[in-house]
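Read through the structure below, which is laid out as structure tokens, and then see the notes.
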Amino acid sequence: MNNVFIVAEIGCNHNGDKKLAKKLVEEAKKCGVDAVKFQTFKAKNLISRYAPKAEYQKETTGENDSQLEMTAKLELSYNDFIELKKYAESLGLIVFSTPFDMESVNFLDSINQKLWKIPSGEITNLPYLERIGSIDRQGKKIILSTGMATIDEIKKCIDILVKAGTKEEDIILLHCNTEYPTPDCDVNILAIKDLKNNFPKVNVGFSDHSVGYIAAVGATALGICLIEKHFTLDKNMPGPDHKASLEPDELGRMVKNIRNIEIALGDGVKRVSESERKNIAIARKSIVARRNIQEGEILTEENLAVKRPGTGINPMQWMEVLGTRAVRDFKEDELIEIREN
């Protein structure tokens, strides 16, 4: 199988601070991820002044400011993103960003972004979907989060993207639950199979908002192609997404465990491995003398037994041995021999 593409979702956990964003990039690199992802938006283009905060946002940032005011504090300028992108790429990381408004789509298009992430909240945004779907660029891929969406809504979204000009095979669906953090009872990893069954032409990944990284590691066994996980330097920092994010030591362990699971999954073909082949003779059994047996004595269930090692007559030949005569004297526990016809 191909390695799972691991994305550290920095998102807005830089709190609008370019220096903090740079530190997040550095730590993500140390953790061994393949890519870092940001969020690009102009708060005034994204959120109405009348939009309420989500409950998790109220819990993490209080109720003194509006969703618009909260989000405006988390903006990075376009120039800041360009600088961070160049820095992350210099470290060998793939860098991309999720646009949350049309102006930001146009900006990311202008810098030739190839990897596009459509967040769950935009899956019903027709003009936004048509704009991203119509981008014609060599190597373009669209990653589509499916939080809060029904199968029918996902189908309609894919249809819009394809009609706009994106090939279906260039779309990656992410199973996702849009609650931060997601309760274990709602993670529903097996929904990945449902997405695979309903959308056989696309690849499927997992955007994990649960606490810790067990769900992300477990999802690897279902043959996903991508894992996205929010990343922070400190879960206690102010901001809406830190609580549902991994700190560096956790992200590092997640990456290590995913890579270990990938190795352990193998190729799915049942065979005798080279590492265990040497143990066949040790663990299996042979037909042996239960007691001392004299030459010419008839071999019966009373004077034969099955014991380790497995270097003698295979016990699957038990019925062939019964009733024959001993070809020589055998001591107790000695491997039985028979004449070959």
Side-chain angles (χ1 to χ4, degrees), residues 9-18 20-21 37-82 84 96-111 113 116-135 142-150 152-161 163-164 174 176-182 186 207 209 228 230 232 237-245:
E9 165 69 289
I10 292 174
C12 57
N13 279 347
H14 48 69
N15 291 352
D17 182 342
K18 184 175 66 175
L20 178 56
K37 190 180 79 64
F38 291 88
Q39 295 176 0
T40 301
F41 55 86
K42 296 292 186 182
K44 63 182 177 59
N45 297 335
L46 168 64
I47 304 165
S48 147
R49 70 183 68 183
Y50 304 109
K53 282 184 174 181
E55 289 301 317
Y56 79 89
Q57 292 172 337
K58 293 177 183 177
E59 292 176 8
T60 54
T61 65
E63 300 185 46
N64 291 331
D65 56 355
S66 66
Q67 184 185 162
L68 175 59
E69 292 168 329
M70 173 196 73
T71 305
K73 301 172 187 175
L74 307 176
E75 287 185 19
L76 278 178
S77 72
Y78 293 161
N79 286 335
D80 283 346
F81 174 70
I82 291 173
L84 288 165
F96 62 111
S97 187
T98 302
F100 282 82
D101 57 80
M102 296 297 276
E103 181 183 329
S104 297
V105 172
N106 294 335
F107 160 68
L108 293 172
D109 187 19
S110 74
I111 61 171
Q113 177 161 282
W116 291 85
K117 169 67 187 296
I118 296 176
S120 297
E122 306 297 334
I123 203 166
T124 57
N125 186 345
L126 177 60
Y128 173 97
L129 297 174
E130 288 180 330
R131 175 69 179 92
I132 292 180
S134 67
I135 294 170
I142 292 180
I143 302 168
L144 174 61
S145 271
T146 60
M148 307 176 291
T150 64
D152 186 57
E153 287 174 326
I154 298 168
K155 287 179 179 177
K156 289 178 181 178
C157 179
I158 291 176
D159 287 344
I160 292 166
L161 294 171
K163 187 176 180 180
L174 299 188
C176 176
N177 181 289
T178 313
E179 174 65 355
Y180 298 79
T182 302
D186 289 333
S207 179
H209 297 141
E228 175 188 86
H230 280 263
T232 183
M237 293 179 70
D241 295 341
H242 294 280
K243 294 292 184 185
S245 302

Query raised in the report: Quick one: do K44 and D101 make a salt bridge, cutoff under 4.0 Å?
Result: no

Identify the heavy atoms of [X] and [Y] that sit nearest to each other, and give their distance.
X: L84; Y: A21; result: CD1-CB, 3.6 Å
X: F38; Y: F81; result: CD1-CE1, 3.7 Å
X: L20; Y: N13; result: CD2-O, 3.7 Å

Query raised in the report: Can you find a heavy atom in the side chain of P119 that is under 4.5 Å from one in the side chain of F100?
Result: yes

Query raised in the report: So with a 6.0 Å cut-off around CG of N64, is the heavy-atom count from everything else above 12?
Result: no

Query raised in the report: Is atom NZ of K163 surrounded by more than 12 heavy atoms (other residues, nucleotides or ligands) closer than 6.0 Å?
Result: no

Query raised in the report: Should E228 and K117 be marked as a salt bridge (Lys or Arg N to Asp or Glu O under 4.0 Å) after you check the CA-CA gap, both sets of side-chain angles, and the distance that decides it?
Result: CA-CA 11 Å; E228 175 188 86; K117 169 67 187 296; 2.9 Å; yes

Requested in this report: List for me each residue that meets salt bridge (charged side-chain N to carboxylate O under 4.0 Å, His left out) alongside K42, sequence neighbours excluded, and say none if there are none.
Outcome: none

Is there a donor-acceptor pair under 3.5 Å between the side chain of [X] and the backbone N or O of [Y]?
X: Q39; Y: T98; value: no
X: S97; Y: T40; value: yes
X: N15; Y: D17; value: no
X: T61; Y: K58; value: no

Query raised in the report: With no hydrogens and no angle check, do the side chains of T232 and S245 hold a donor and an acceptor under 3.5 Å apart?
Result: no

Query - E103 and Y78: side chain donor to acceptor below 3.5 Å - result: yes

